[in-house]
2 protein chains.
Amino acid sequence: MPFVDNIGFLMSRASGQLVRATNAALADEGLRVRQYSVLSLVCESAEGESQRDLAEVLALDPSQVVALVDDLHGAGLVERRPSPADRRTKLVVPTERGRAVRARATARADARLAASLGALTEAEQGTLRSLLARVVDVELPPRAFTDR
Amino acid sequence: MPFVDNIGFLMSRASGQLVRATNAALADEGLRVRQYSVLSLVCESAEGESQRDLAEVLALDPSQVVALVDDLHGAGLVERRPSPADRRTKLVVPTERGRAVRARATARADARLAASLGALTEAEQGTLRSLLARVVDVELPPRAFTDR
DNA sequence: TATTGTTATACTCTATAACTATA
DNA sequence: TATAGTTATAGAGTATAACAATA
């Protein structure tokens with residue numbers, strides 16, 4: 001099979017396209033997609049998310065989360081609150097402004113994403129989403145100790 | 001829909017996983033995935049590929065292709081040949097060693113990719129490939145001049 | 001004038017290691 | 001002894017601009 005049909009190549013190409021498109025859509029709100037992902041998660045959380053949990057969900061190193069939260073805090077969109085349960089842990093919570101920016105950002109990003117996926121029907125987008133979710137879950141294959 | 005179900009996010013996460021896995025698989029051959037993609041394309045080509053064509057197929061800036069070809073040339077895997085048709089153009093062609101390295105690299109990369117996609121059946125992988133190919137093709141939507 | 005390859009530069013993303021304060 | 005957050009650093013990837021040679 002020719003290289004241009006390689007799933008890894010196509011995935012990388014598609015991902016790059018979507019990231020560029022989303023960054024362009026978010027530029028008006030002063031966000032990039034990585035900062036936006038953190039803001040979205042904390043806005044969806046009831047009591048705030050610890051930086052450790054953010055790192056795990058986003059598959060980022062904790063040190064990267066520090067920088068992203070710093071960015072958002074500098075823009076007045078989130079705050080760090082001490083966790084009542086563990087004094088090592090900081091819960092990241094959105095400010096009022098953070099919630100407002102997130103709402104606008106989501107509208108813009110979703111519209112742009114829909115345009116980028118315009119070649120696919122709604123049903124196909126659902127199929128793609130579930131296939132991707134299953135690829136993402138396979139971090140630790142059951143009996144693939146050989147290559148670790 | 002929660003952020004973690006966003007297709008752009010899932011795509012970025014999946015792409016990162018596949019790139020990391022492929023880079024790990026290629027490390028023994030002294031390659032990274034971007035160099036490998038150039039090597040693969042020139043090995044598949046009958047008369048060599050111009051750097052401009054490589055940039056277009058891979059969706060890279062021509063200046064990035066210069067660096068990748070430099071890397072491969074430094075490793076003795078490709079050569080630049082003058083095009084008989086256009087003296088501006090350089091055709092990138094593999095060396096004998098380049099072809100041998102590419103064969104081994106492809107075996108390793110394909111095996112690792114198959115493992116990373118192990119959660120999907122062959123049919124599902126085919127579906128994923130075709131969906132991705134259609135997403136990638138939508139660089140210039142028919143009448144979306146508004147956002148350019 | 002436009003295109004191919006090239007150099008240069010800056011910024012973003014990724015990967016590691018080491019440190020602190022807590023547990 | 002282990003974990004959450006932090007700082008620092010280096011390398012890889014991305015994005016632009018400008019230039020020489022050639023068309």
Side-chain angles (χ1 to χ4, degrees), chain A residues 8-9 11-13 15-24 26-27 30-38 42 48-74 78-93, chain B residues 8-9 11-13 15-24 26-27 30-38 42 48-74 78-93:
Chain A
F9 168 67
M11 189 85 77
S12 171
R13 196 109 162 43
S15 172
Q17 266 182 223
L18 298 188
V19 166
R20 277 190 296 276
T22 307
N23 278 335
L26 293 172
L31 291 172
R32 293 182 66 80
V33 71
R34 296 165 93 247
Q35 284 78 9
Y36 169 68
S37 68
V38 170
V42 302
E49 291 278 322
S50 73
Q51 296 187 187
R52 182 192 172 285
D53 287 344
L54 290 169
E56 178 153 356
V57 171
L58 297 173
L60 298 176
D61 189 87
S63 64
Q64 299 179 56
V65 175
V66 170
L68 296 174
V69 172
D70 282 350
D71 292 343
L72 291 170
H73 181 255
V78 303
E79 288 177 0
R80 288 177 169 101
R81 288 193 192 158
S83 164
D86 185 334
R87 286 193 304 176
R88 291 174 302 182
T89 301
K90 298 175 185 176
L91 298 177
V92 182
V93 296
Chain B
F9 168 66
M11 189 84 78
S12 171
R13 197 114 160 40
S15 172
Q17 267 181 220
L18 298 187
V19 167
R20 277 189 296 274
T22 307
N23 278 334
L26 294 173
L31 291 172
R32 293 183 65 82
V33 72
R34 296 164 92 247
Q35 283 79 9
Y36 169 68
S37 68
V38 170
V42 301
E49 291 279 320
S50 74
Q51 297 188 184
R52 182 194 173 283
D53 287 345
L54 289 170
E56 178 154 356
V57 171
L58 297 173
L60 297 175
D61 189 87
S63 65
Q64 299 179 57
V65 175
V66 171
L68 296 174
V69 172
D70 282 350
D71 291 343
L72 291 170
H73 182 254
V78 304
E79 288 176 0
R80 288 177 167 100
R81 288 195 192 155
S83 164
D86 184 334
R87 286 193 302 174
R88 291 173 303 180
T89 300
K90 298 176 185 174
L91 298 177
V92 182
V93 297

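Each chain gets a letter, A, B and so on, in the order its sequence line appears, and its residues count up from 1. Note that these values count all heavy atoms, side chains included, but never hydrogens, waters or copies made by symmetry.
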Exercise for review: Output yes when Arg80(A) and Asp70(A) qualify as a salt bridge under the 4.0 Å nitrogen-oxygen rule, no when they do not.
Suggested key: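 Here Arg80(A) pairs with Asp70(A) in a salt bridge, since their nearest N and O are under 4.0 Å apart.
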
Rounded to the nearest 0.5 Å, what separation is found between the [atom1] atom of [X] and the [atom2] atom of [Y]?
X: Lys90(B); Y: Arg81(B); atom1: NZ; atom2: CZ; result: 14.5 Å
X: Asp71(B); Y: Gln35(B); atom1: CG; atom2: CD; result: 4.5 Å
X: Ser50(A); Y: Leu91(A); atom1: OG; atom2: CG; result: 7.0 Å
X: Ser83(A); Y: Arg88(A); atom1: OG; atom2: CZ; result: 10.0 Å

Atom-to-atom span, [atom1] of [X] to [atom2] of [N] - whole angstrom:
X: Arg34(A); N: dC11(C); atom1: CZ; atom2: P; result: 17 Å
X: Leu58(A); N: dC13(C); atom1: CG; atom2: C1'; result: 14 Å
X: Arg32(A); N: dT14(C); atom1: CZ; atom2: P; result: 11 Å

Review point. First contact, last contact: which nucleotides of DNA chain D are these for chain A, 5' to 3', heavy-atom distance under 4.0 Å?
Key: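 Here the contact window of chain A covers dA2(D) to dA15(D).
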
Point to revise | Partner of Leu72(B) under side-chain contact (heavy atoms from CB on, under 4.5 Å), chosen from Leu31(B), Val42(B), Val92(B) | key: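 Single pass found, and it is Leu31(B).
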
Exercise for review: Using salt bridge (charged side-chain N to carboxylate O under 4.0 Å, His left out) as the criterion, list what pairs up with Arg87(B), not counting sequence neighbours.
Suggested key: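 Not a single residue meets the salt bridge (charged side-chain N to carboxylate O under 4.0 Å, His left out) criterion with Arg87(B).
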
Review point. By a strict heavy-atom criterion of less than 4.0 Å, which residues belonging to residues 48-56 of chain B are in contact with DNA chain D?
Key: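 The answer is none.
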
Point to revise | Comparing Ala85(A) and Val69(B) on DNA chain C - which has the more 5′ nearest nucleotide | key: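 Taking each residue's closest nucleotide, the earlier one in sequence belongs to Val69(B).
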
Exercise for review: With DNA chain D as reference, determine whether Asp70(A) or Ser12(A) sits nearer its 5' end, using the nearest nucleotide of each.
Suggested key: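 Closer to the 5' end of DNA chain D: Asp70(A).
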
Review point. Can you find a side chain N or O atom of Arg87(B) that sits less than 4.0 Å from OP1 or OP2 on dT4(C)?
Key: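 No.
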
Using the 3.5 Å cut-off, write out each protein N or O paired with an N or O of nucleotides 15-21 of chain C and the distance between them.
from: dT16(C); atom 1: O4; to: Ser63(A); atom 2: OG; distance (Å): 3.1

Review point. Can you list the residues that meet the side-chain contact (heavy atoms from CB on, under 4.5 Å) rule with Ser37(A), with sequence neighbours excluded?
Key: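 Ser37(A) satisfies side-chain contact (heavy atoms from CB on, under 4.5 Å) with Leu58(A), Phe3(B) once adjacent residues are dropped.
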
Check your understanding: Any side-chain heavy-atom pair from Val69(B) and Val78(B) closer than 4.5 angstrom?
Key ->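 Yes, at least one pair of side-chain atoms sits under 4.5 Å.
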
Exercise for review: Without swapping roles, check the side chain of Asn23(B) against the backbone of Val33(B) for a donor-acceptor pair under 3.5 Å.
Suggested key: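 Side chain of Asn23(B) to backbone of Val33(B), a donor-acceptor pair under 3.5 Å: yes, one is there.
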
Practice item. Using side chain to side chain donor-acceptor pair (under 3.5 Å) as the criterion, list what pairs up with Ser63(B), not counting sequence neighbours. Key: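 So Ser63(B) forms a side chain to side chain donor-acceptor pair (under 3.5 Å) with Asp61(B).
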
